[in-house]
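Here is the structure we will look at, set down as structure tokens.
Protein chains get the first letters and strands the later ones, always in sequence-line order, with residue 1 at the start of each.
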2 protein chains.
Amino acid sequence: MDFSSFLTSLGTSFVIFVILMILFALLSSKPGNNVVYYPNRILKGLDPFEGGSKTRNPFSWIKEALSSSEKDVIAMSGVDTAVYSVFLSTVLSILVLSGIILLPVLLPVSATDDGRKKQTTSKGTFNELDQLSMGNITAKSSRLWAFLIACYWVSLVTFYLLWKAYKHVTLMRSEVLKSPDPKSEQFAIVVRDIPAVPEGQTRKEQVDSYFKAIYPETFYRSMIVTDNKKVNKVWEELEGYKKKLIRAEAVYAGSKTTAKPEGIRPTNKTGFLGILGKTVDSIEYYNEKVNELVVKLESEQKVTLREKQQNAAIVFFSNRVVAASAAQSLHAQVVDHWSVLDSPEPRQLIWPNLKINYFGRELRQYIVYVIVAFTIFFYMIPITFISAVTTLNNLVKLIPFIKPIVRIKVLRTVLEAYLPQLALIIFLALLPKLLLALSKLEGIPSESHAVRAASGKYYYFTVLNVFIGVTIGGTLFSTFKEIEKDPNKLVPMLAESLPGNATFFLTYVALKFLVGYGLELSRIVPLIIYHLKRKYLCKTEAELRDAWSPGDLGYGTRVPNDMLIVTIVLCYSVIAPLIIPFGALYFGLGWLVLRNQALKVYVPSYESYGRMWPHMHNRILASLILYQVTMFGYFGVQKFVYAPLLLPLPIFSLIFGFVTAKKFYPAFQHPSLEVAAHSLKEVPNMELVFRSFVPPSLSSEKIEEDQFEDALSQVSRSTQVSRSTSFV
Amino acid sequence: MDFSSFLTSLGTSFVIFVILMILFALLSSKPGNNVVYYPNRILKGLDPFEGGSKTRNPFSWIKEALSSSEKDVIAMSGVDTAVYSVFLSTVLSILVLSGIILLPVLLPVSATDDGRKKQTTSKGTFNELDQLSMGNITAKSSRLWAFLIACYWVSLVTFYLLWKAYKHVTLMRSEVLKSPDPKSEQFAIVVRDIPAVPEGQTRKEQVDSYFKAIYPETFYRSMIVTDNKKVNKVWEELEGYKKKLIRAEAVYAGSKTTAKPEGIRPTNKTGFLGILGKTVDSIEYYNEKVNELVVKLESEQKVTLREKQQNAAIVFFSNRVVAASAAQSLHAQVVDHWSVLDSPEPRQLIWPNLKINYFGRELRQYIVYVIVAFTIFFYMIPITFISAVTTLNNLVKLIPFIKPIVRIKVLRTVLEAYLPQLALIIFLALLPKLLLALSKLEGIPSESHAVRAASGKYYYFTVLNVFIGVTIGGTLFSTFKEIEKDPNKLVPMLAESLPGNATFFLTYVALKFLVGYGLELSRIVPLIIYHLKRKYLCKTEAELRDAWSPGDLGYGTRVPNDMLIVTIVLCYSVIAPLIIPFGALYFGLGWLVLRNQALKVYVPSYESYGRMWPHMHNRILASLILYQVTMFGYFGVQKFVYAPLLLPLPIFSLIFGFVTAKKFYPAFQHPSLEVAAHSLKEVPNMELVFRSFVPPSLSSEKIEEDQFEDALSQVSRSTQVSRSTSFV
């Protein structure tokens, strides 16, 4: 890629960005689009246009984002989002601090060296951008000292800022956890691996007597985990029919105003997908179904609570410190009995995973690791195979009715062009979901933990395949035998092919932030979908609300993608310092956009109080180590005899990682007692705490009201084993 | 070594054993020797000859040992000794179960093969014992299948018995820990890394307010750790002079009966070692010194408690469960502040190590590991150097006054013969102490933990140097370059040189148990020392008691030595099965002797409630893996194509180790709450619990009595910072 095509590509991206910004400015000022641009504020019951600037100028969102504080972010979008913001600002600071030194020093040093120029121009591969990179320096030149010192500078800046950020996040986490507003999950622990029920006891009695003996004063109550698969299905079915009923009623009411005054009663078919079967009156039919399912749900709830109890429980304590301490103490003499962990939020609990026993979890983890490793390294094999098989001719044989389509020449050409890559595209689109499903298979008990695990896997996938894959790229297969012979050659080979790809990655980063953030901020796609749904599908308030529901930030894919940029920018920071401003723009703009989206758009679907941070920290560090090792290799390629002076850097990084993990990580794993001991605003209503953990499919409406307490104690007084025994 | 010299060596050992047994039978029946043969019973206030058999027969101790139960051992000598006994019986069972199958199967298989015989007899290195070993099998012979299956059998037997033993020890530990008799250390935790004292608070107030906030109801009191170096020195000096005073008085009293009726007042010189200086009346002089030091001690105690407080404390709780839970919970948001651990027994606490901070401990650990690794691998270098330098001629130059000694020809010959090895002998004798000192340097807080750490280091030393060293032995240096070229060659080389050394190790094991246990049981050396001391040195009761004080078992060296035997016997079990009965005898006799010594002789100096077990378990497993890897190498040497079938074995061992570590180890690291929650016989006297932790040098006699509580509260009421403030 030469300089002019680089500028063209950059220019195109910039034009798209400007268009998207203009669209954003125009669309977001229309009140009808408020639910797309301010859903978080609307859901929190706030006025979308806070600060009163009704006459919005296109840049007012920037002012608002800049003037917002971390407290605002925590209040509007939780600690996790604030931590993500810390991540973006930390990387931004690393790049700015590095750039301040590297750009004015390294660019002139490269540009004024003309030793390499003569060699390369003759071959015709030289271009203007490469002149500003380390590749332009004469081999063995003493100018390389500047680059070597630059490596140290970047590393030191990273260490310093990561340390500061870890400290800051630790404090942020503790501030929120010590808040005087009690959170349900702070009073509960999850108990797994409960041994078999002893003769003559119920599971409930077993758990209660065990914990009452250890915590005679603070044990409040326990909830046995049940197998809710069937009851959930019934409940979902019921909810579905309830929605359909409301919709049918809305349609009926609507028809009264639009068609005839007595209205048209909507009908539907009962068979497959509402296409087949006999036609019935919808309202009557759904009403019938709902009544049927209410009875079914109730009996299923009874069966579940009585017969589907499993070897796990949630145990409640009336004291925050005791719960925090209990969550990290060894209870039984052997570890695979009565193992405990601090409870996540109720909405995060992955109930089906709770029953998996200790060594089952360990085993699943290793199996999943192996599967993921295979996926990362060998995913191209099945995809190549599928691509080879799914030619148009094969497809026509399998699905004969697409024959007429294939006959159209234009379509055929397009299909033939994209079909080979179709398998890859589908694979890449499904990968995050696949990795999340794999992470859940490990037996992880909470949603946020599964997302973190999936995000880690995705990081390795992107770094290995995109960064290393693209860099070594085509040369890999030709030199594969060389690497096989001597795996140590990977690093110098990676280093050697680095400078050639600098322009590619420069364009990649620019495209990412210009088009990516443009789309993110302008929300063109959700806007179109919302308006289409509103016009043609939604009949009820609830449906409309679903249509604009913003969802959450999606850390699982967002963080690994950012991490890829971190890796790219760090690795090129010294080789081609021109990438630093691009990286800084990516993270600067990213920070701004995130502030806007966090304050106004996304609604977090869970809160893990910043547990994401140690993972982000470790991955920035991993990228740093990759950069340091690559630089060592590249200095070797440049035949610089002082290259071994770089060797202490990866060792420092490892020690740094070790120290931070030892010092800060445990407070992210367990609640610290110092924090839990902060006094509460009020004594928590333990009944509410307990009920917040009852899954919706099991919370019976009959005992919903104030008699709840009575109903329970009444039942518990009776001797028969009834539904409520597993809760009392 | 040929067969007859093997028999001679065995015979000699056996004769020594018989003589020692006869001596034991004779000497132990004399009442005057009771304090040497029954000190543990005497110290516990029991009749030495329980069971009434005054007319002892030489084998009655065997009957007594066999009829004693594990409960007796725990009662007389603690859990640690019982665990050691489990270790011996487990290894014994492994060997017996292995031997039952291996001996009748493998010996005939080897003996009837004559393929190798022809080759080796021609070279003249063949002997009768080798005929019974795997070395006698023709290469590639299908007879090797029997040996391969034998490897599996030994491994499976080991897994099964280790699992059973771990379970048993876990139960034993929990039984003792849940005992209704409260133990002081169960109510205390050790707190380290206390942050700097905030402005306007004392260290005491800081600690108290911190823990009171977290445990408002169960926090009892805290004790700040002080730098006791100086006060300990004064206290020891005082105790020394007190002893000397009593001795002088005893001498004076004695002289009244033996010399003249008015007695001779003993005198001594005040200078260096009592040789120089002016002569004084001992009783007066010591009296004066004692009075002087009592005053000095008191003022030093005040200074220590007031000014030498450090960043560590012992915190007491009035509840066993809370203490157990507190010891394993994260207290502060960062780990290197307020780090906690469950308290060891007061007598085990290594006070000077408590103040070392978190990362200091980590750093020290790694430094010590490096030093130990160097010691293990390169200890021969300085010793060779010292041996080379310390020739007689050099010594004469350095210490001219030994010249006359050197002139005597006989002495000169002896000195010249032993001097080269003197450095090695001294080094080996001092090694356990050196390793213990190194372990303490790591910052380990308790004596038993330090002993375990030292024992681990000693294990690696013995296995690497004795076993691998002797086996590869002389060939190592000649083939050193080969290993350097290809380190993978170590295993086949080790395997190749194994069979040749079978007889050496057979003799070694026999010598160890015949002579070693003979000496151990007959206690000839302590007996002689005791009688010499009694006759010539001891003047007072206390001195006499010191003379026969039996000390403890000395796990630090005993366990690694046994482990060496385990390693040797396991590694040879299949190659030369004849070693199995010797090993079985070693551990059988060892178990018997231990029972006798535990019940009658040794007094444990600490109790760690079986924490030694996981270390023993892991090392048996390490020996098993060494055996499995060696066997794989040896089958390779035998050119057996199915040798790779052995590869799963080390993998199984690693998984087994992983599973046991996960399942059982945590209960040895931390007290489990289930166990701590068992009800107590009585509410513990917290004052006594607290005072049991006060070091003897700091427990002032003035506040010893009942007014202790008053004195303390009185002082704490006053505002001045006085001695007791750090305790209240």
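- Interface remark: Tyr215(A) contributes side-chain atoms only to the contact with chain B (heavy atom separation under 4.5 Å).
- Every residue two or more places apart in sequence or in another chain was checked for a ring-ring contact (aromatic ring centres under 6.0 Å, His included) with Tyr160(A), and none qualifies.
- More than 12 heavy atoms of other residues, nucleotides or ligands lie within 6.0 Å of NZ in Lys183(A), so this atom counts as buried by the packing criterion.
- Remark: Phe374(A) CZ is loosely packed, at most 12 non-hydrogen atoms of other residues, nucleotides or ligands lying under 6.0 Å away.
- For the pair Val334(A)/Phe664(B), a side-chain contact is recorded, criterion being any heavy-atom separation below 4.5 Å from C-beta on.
- Comparing Thr170(B), Val335(B), Leu330(B) by how many heavy-atom pairs each has under 4.5 Å with chain A, the most go to Leu330(B).
- With sequence neighbours excluded, no residue satisfies ring-ring contact (aromatic ring centres under 6.0 Å, His included) with Phe187(B).
- Among Asp336(B), Val321(B), Asn319(B), the residue with the largest count of heavy-atom pairs under 4.5 Å with chain A is Asp336(B).
- When heavy atoms are compared at a cutoff of 4.5 Å, Tyr366(B) approaches chain A solely by way of its side chain, counted from C-beta outward.
- Contact of the Lys662(B) side chain with the Tyr358(A) side chain is registered, since non-hydrogen atoms from C-beta on lie closer than 4.5 Å.
- The stretch residues 651-659 of chain A places Phe658(A), Val659(A) near chain B, each with some heavy atom under 4.5 Å from a heavy atom of that chain.
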Side-chain atoms of residues 667-678 of chain A: list all donor-acceptor pairs with protein atoms under 3.5 Å, sequence neighbours left out, distances to 0.1 Å.
residue, atom, partner, partner atom, Å
Ser672(A), OG, Gln333(B), OE1, 2.8
Glu674(A), OE1, Tyr210(B), OH, 2.6

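- Between chain B and the residues Ala324(A), Ala332(A), Ala213(A), the most heavy-atom pairs under 4.5 angstrom are made by Ala332(A).
- Distance check: Glu217(A) CD to Thr218(B) OG1 gives 9.0 Å after rounding to the nearest 0.5 Å.
- Here Ser174(B) is the residue among Ala327(B), Ser174(B), Pro216(B) with the most heavy-atom pairs under 4.5 Å with chain A.
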